2 protein chains.
Amino acid sequence: MAKQKKSPRPKAETPKGFRDYFGAEVTHRTEMLAKIAAVYHRYGFDALESSGVETVQALGKFLPDVDRPNEGVFAWQEDADSDKPGDWLALRYDLTAPLARVYAQHQNDLPKPYRRFAMGPVWRNEKPGPGRFRQFYQCDADTVGASSVAADAEICAMLADCLEEVGIERGDYIVRVNNRKVLDGMMEWVGLLDLADPSQNADRRGIAMRAIDKLDRLGFKGVQELMMDGRTDASGDHTMGAELDFVQATWINGVLGAKGQDNSETISSLRKLMVKSERGHEGVDELEMIAELLAAQGYGPDRIVIDPSVVRGLGYYTGPVFEAELTFEIKDEKGRTRNFGSVAGGGRYDDLVKRFTGQEVPATGVSIGVDRLLAALDAKGRLDKTADGPVVVTVMDKARMADYQKMVAELREAGIRAEVYLGNPKNFGNQLKYADKRGSPVAVIEGGDEHEKGVIQIKDLILGAKMAEGATLEEYKELPSQYEVPRDQLVAKVRAILDSQS
Amino acid sequence: MAKQKKSPRPKAETPKGFRDYFGAEVTHRTEMLAKIAAVYHRYGFDALESSGVETVQALGKFLPDVDRPNEGVFAWQEDADSDKPGDWLALRYDLTAPLARVYAQHQNDLPKPYRRFAMGPVWRNEKPGPGRFRQFYQCDADTVGASSVAADAEICAMLADCLEEVGIERGDYIVRVNNRKVLDGMMEWVGLLDLADPSQNADRRGIAMRAIDKLDRLGFKGVQELMMDGRTDASGDHTMGAELDFVQATWINGVLGAKGQDNSETISSLRKLMVKSERGHEGVDELEMIAELLAAQGYGPDRIVIDPSVVRGLGYYTGPVFEAELTFEIKDEKGRTRNFGSVAGGGRYDDLVKRFTGQEVPATGVSIGVDRLLAALDAKGRLDKTADGPVVVTVMDKARMADYQKMVAELREAGIRAEVYLGNPKNFGNQLKYADKRGSPVAVIEGGDEHEKGVIQIKDLILGAKMAEGATLEEYKELPSQYEVPRDQLVAKVRAILDSQS
């Protein structure tokens, strides 16, 4: 028969930049989210789940100026109604923009202040890279409607609790706190910010702020160059500088490096450095208050510390800023030792819902990088990697499937994960290979002989080492660590073996 | 100053057909999913999480034949690369199509058979209606690569376990099982199906199958009409019939109504009715085997029953089909009593990955309607509605915020959900309103007098009834159910009040 011509088969592939998560990858994340949710909840935060899809209008930033508003987001236009064009919809790119929309939409029904947490996938239409995916989890907690720094302090304490709850030991992390107002104070003193007319020197201030944001990467020397005449990197590329003089640039590095032996030393240094800036002093006062509130609750500088060198995203926030860093070292892919780095960050942003309602509503919050935290626990060997495979009841006689099903039902009723082998039972070796692939701790065997004698064979697969791929049933039965027990001792014996393995 | 002209404010709205879920709505669902996941896991199923976005090509059914392939799905085209047009991407509309893609993509690494569960949102680009949203949860378990009906039986047992685990009591649900092959046998006997040439009578067979699919709604009489000359509904619309004669149509109703006193009576009736159809007999044998396997595990007809009237989606499946129905009655929105109906369904579908690989791979699975189940538990008053609000520590003196924070820290360390009031503390009434809105069980008050005496006021808000909106602090303190205790008894007294409330 001539082959029929067919359309080509579709490719079985995830879209570029997306991936699948299997077994323990999923359950480890689920467990981590549950632990974090429990801490958020204990602090009085309420769950919120908005949908993955928002109108582009509500998300903001991505208004359809060209053909399609898909810069950075996945967006599409709804079908037109009879009389008007369809709305542009998009997948949310974070959990903060939906919070702003939710708060503006439901504010009459929400408590004030509104503490909420949210966890779920977000999507970014960006070029994927190694370890960089276009769908990933965010896990946020925010307080909307509280202007007091007590709200910021609370979030820092909660962040520390979350890290310990998921298995990061005290001493292996530090929450560092800074304040945007200190940055403003710096800009004021060097003449790059006039609070009465922020448009003045906006370009040079932008250069200076971007330079500060690169402190981690460039170090104090690089920042100093960028504050002055600019910097030429190893490749010969020149970045323009903010044209400050040497004293000003050095003073800025002095502020960034003002962390002292303890919080009170840091604060007293900062207070001296914020020479003439009211805004800067306000920022220092807030930091002092946060440190006091935290100390009263027992969160000392071994967990949470004032550190003026925290600069990531400082341009985005309006008040206190916090960042959690893991302090232990790991080996990178090239075998080099390095610090693990940041796993969470947040701060105060006071214009959350203004674009919807015109009102300024104070807000502060934190976002925990769950995938980074999982990678950190994995690197430290702190994820439970013990095989979680099911007990496998093998099938020696297809006609007696009901008996085998009865065995797994008994095991499950006792809370033991168990299954019958459901592939083609003819080749016993395949059943053993299957149990191996599943990471099964125990196999149960009941052939015709055993059935007649009223016994079963129970095999400790962990103790019994690797099963030879081609082992015959006879060879297999000769292996040690196999026990013949009466049928009615199935559950008791399996339980005993599982207990001995753990 | 003249008002600056501004672009209009964005609307704070979810897109049409989407909604937000708050507090207990989220946590009830999370808890239900966790319970179901635990049952799936105990049966040996492994978690799988694929992303929300797939290529349109991999999803199938929705290939871009017109301008945009967005019939039923949300789809968009990626930006073009330098040399080729961008891929069409879409949000998944269920969890089965991604499973097919995952199995085809990763089959060399997966155990065979592969038991997997998946839970998460899916999206449908459909006209929204009351209670019908364009994003909703699915919660599936499937076994891929097992042709044995033991796999189907296992899923039925697991479904019953899931329902009981989430709080549907035995007797309040029934899992009904039928088999597509019995339907084929019916079609063969009435001359509408020639297995050697299925294209014969395909039109009339389609009419008959659609008629059977409507049994729930039309009853036996309506189906009988549609099997014969057709049916004219109340509005005068006529639906064409399958042109069978009276004996044939009556016989079909006989099969559909063949459920007997018990499974063995049903099976013996069906065997007699499947007069000359080999396929039909095969179906009956499979049903018998399923009933036997389930009976051996203790799943009797009080939980799982063979029922030839299960017809929903029978055209889609290839073997056993199952449906879980809640049997208790609820009041609908018009106050009429009706059965709650179906909350889960599934069956065997043996061509899951064929479109990717060309191989036929047997598969069977179930999908639990989590949102329907939550609605059912809610209708029965079985969702825990006790206020889960936090203990609220009120702020009597802003300068003593650190003391209040210390109180909540102590409460949280004892595992008690607690928060400090973070709004403007000036108006004490607002603090009480806030506690009310939060469903708080207990409020803690420490003013200057108390602080001097080393005591605190602890108010049982549940016992103390509703707080008058305008109560002054003095009036409020006069209410009964308020206790003055030494500061160091904070945790003990709050705990005692919480215990007395539960």
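Model, not experiment: these values are computed from the prediction. Chain A is the first sequence line, chain B the second, and so forth, proteins listed ahead of strands; every chain is numbered from 1.
Chosen from B/Thr143, B/Asp161, B/Val353, B/Thr357, the residue pairing most often with chain A at heavy-atom distances under 4.5 Å is B/Thr357. Taking B/Glu292, B/Arg134, B/Arg19 one by one and counting their heavy-atom pairs under 4.5 Å with chain A, the maximum is reached by B/Arg134. If you tally non-hydrogen atom pairs under 4.5 Å between each of B/Ser148, B/Ala150, B/Ala100 and chain A, the highest count goes to B/Ala150. Here B/Arg29 is the residue among B/Met407, B/Glu410, B/Arg29, B/Met289 with the most heavy-atom pairs under 4.5 Å with chain A. Contact count versus chain B (heavy atoms, under 4.5 Å) is highest, among A/Glu413, A/Arg42, A/Lys406, A/Met401, for A/Arg42. Each of B/Ala34, B/Ala296, B/Ala47, B/Gly23 has some count of heavy-atom pairs under 4.5 Å with chain A, and the biggest count is that of B/Ala47. When each of B/His41, B/Gln405, B/Lys11, B/Glu419 is scored by its heavy-atom pairs under 4.5 Å with chain A, the top score falls to B/His41. For the set A/Pro10, A/Pro98, A/Ala146, A/Ala295, the count of heavy-atom pairs under 4.5 angstrom toward chain B peaks at A/Pro10.
Across all their heavy atoms, B/Pro15 and A/Leu89 have their closest contact at CB-CD2, 3.7 Å. When every heavy atom of B/Arg9 is checked against every heavy atom of A/Gln57, the shortest pair comes out as O-OE1, 4.2 Å. Here the shortest heavy-atom pairing between B/Gln135 and A/Ser51 reads OE1-CB, 3.1 Å. Across all their heavy atoms, A/Arg417 and B/Asp46 have their closest contact at NH2-OD1, 2.8 Å.
For A/Phe133, no part lies near chain B; criterion is any non-hydrogen pair under 4.5 Å. Within the 4.5 angstrom heavy-atom criterion, no atom of B/Tyr103 approaches chain A. Contacts between B/Lys112 and chain A at a heavy-atom distance below 4.5 Å involve the backbone alone (N, CA, C, O). For A/Pro390, the part lying under 4.5 angstrom from a heavy atom of chain B is the side chain only.
Using a cut-off of 4.0 Å between Lys/Arg side-chain N and Asp/Glu carboxylate O, A/Glu78 and B/Lys127 are scored as not salt-bridged. Between B/Lys16 and A/Glu54 there is no salt bridge, since no side-chain N of the basic residue sits under 4.0 Å from a carboxylate O of the acidic one. One finds a salt bridge joining B/Glu154 and A/Arg412 here, because a Lys/Arg side-chain nitrogen approaches an Asp/Glu carboxylate oxygen to under 4.0 Å.
The shortest side-chain heavy-atom distance between B/Thr30 and A/Glu49 does not fall under the 4.5 Å cut-off. Looking at B/Leu293 and A/Tyr404, their side chains never come closer than 4.5 Å, going by heavy atoms from C-beta outward. For the pair B/Leu91/A/Val53, a side-chain contact is recorded, criterion being any heavy-atom separation below 4.5 Å from C-beta on.
Between the CG atom in B/Leu422 and the OG atom in A/Ser147 there is a gap of 9.5 Å [rounded to 0.5 Å].
Using cut-offs of 30° and 60° on the angle between ring planes, the pair B/Trp123 and A/Trp123 is perpendicular.
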Contacts under 3.5 angstrom, residues 104-111 of chain B side chains, donor-acceptor by atom type, not counting sequence neighbours:
from, atom 1, to, atom 2, distance (Å)
B/Gln105, OE1, A/Thr14, N, 3.3
B/Gln105, OE1, B/Arg101, NH1, 2.8
B/His106, NE2, A/Asp20, OD2, 3.0

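With sequence neighbours excluded, the residues that form a ring-ring contact (aromatic ring centres under 6.0 Å, His included) with B/Tyr434 are B/Tyr421. Listed by chain and number, the residues in a ring-ring contact (aromatic ring centres under 6.0 Å, His included) with A/Tyr43 amount to none (sequence neighbours excluded).
In B/Lys398, the NZ atom is not crowded: 12 or fewer heavy atoms of neighbouring residues, nucleotides or ligands sit closer than 6.0 Å.
Within residues 113-122 of chain B, the residues having any heavy atom under 4.5 Å from a heavy atom of chain A are, by residue number, B/Pro113, B/Tyr114, B/Arg115.
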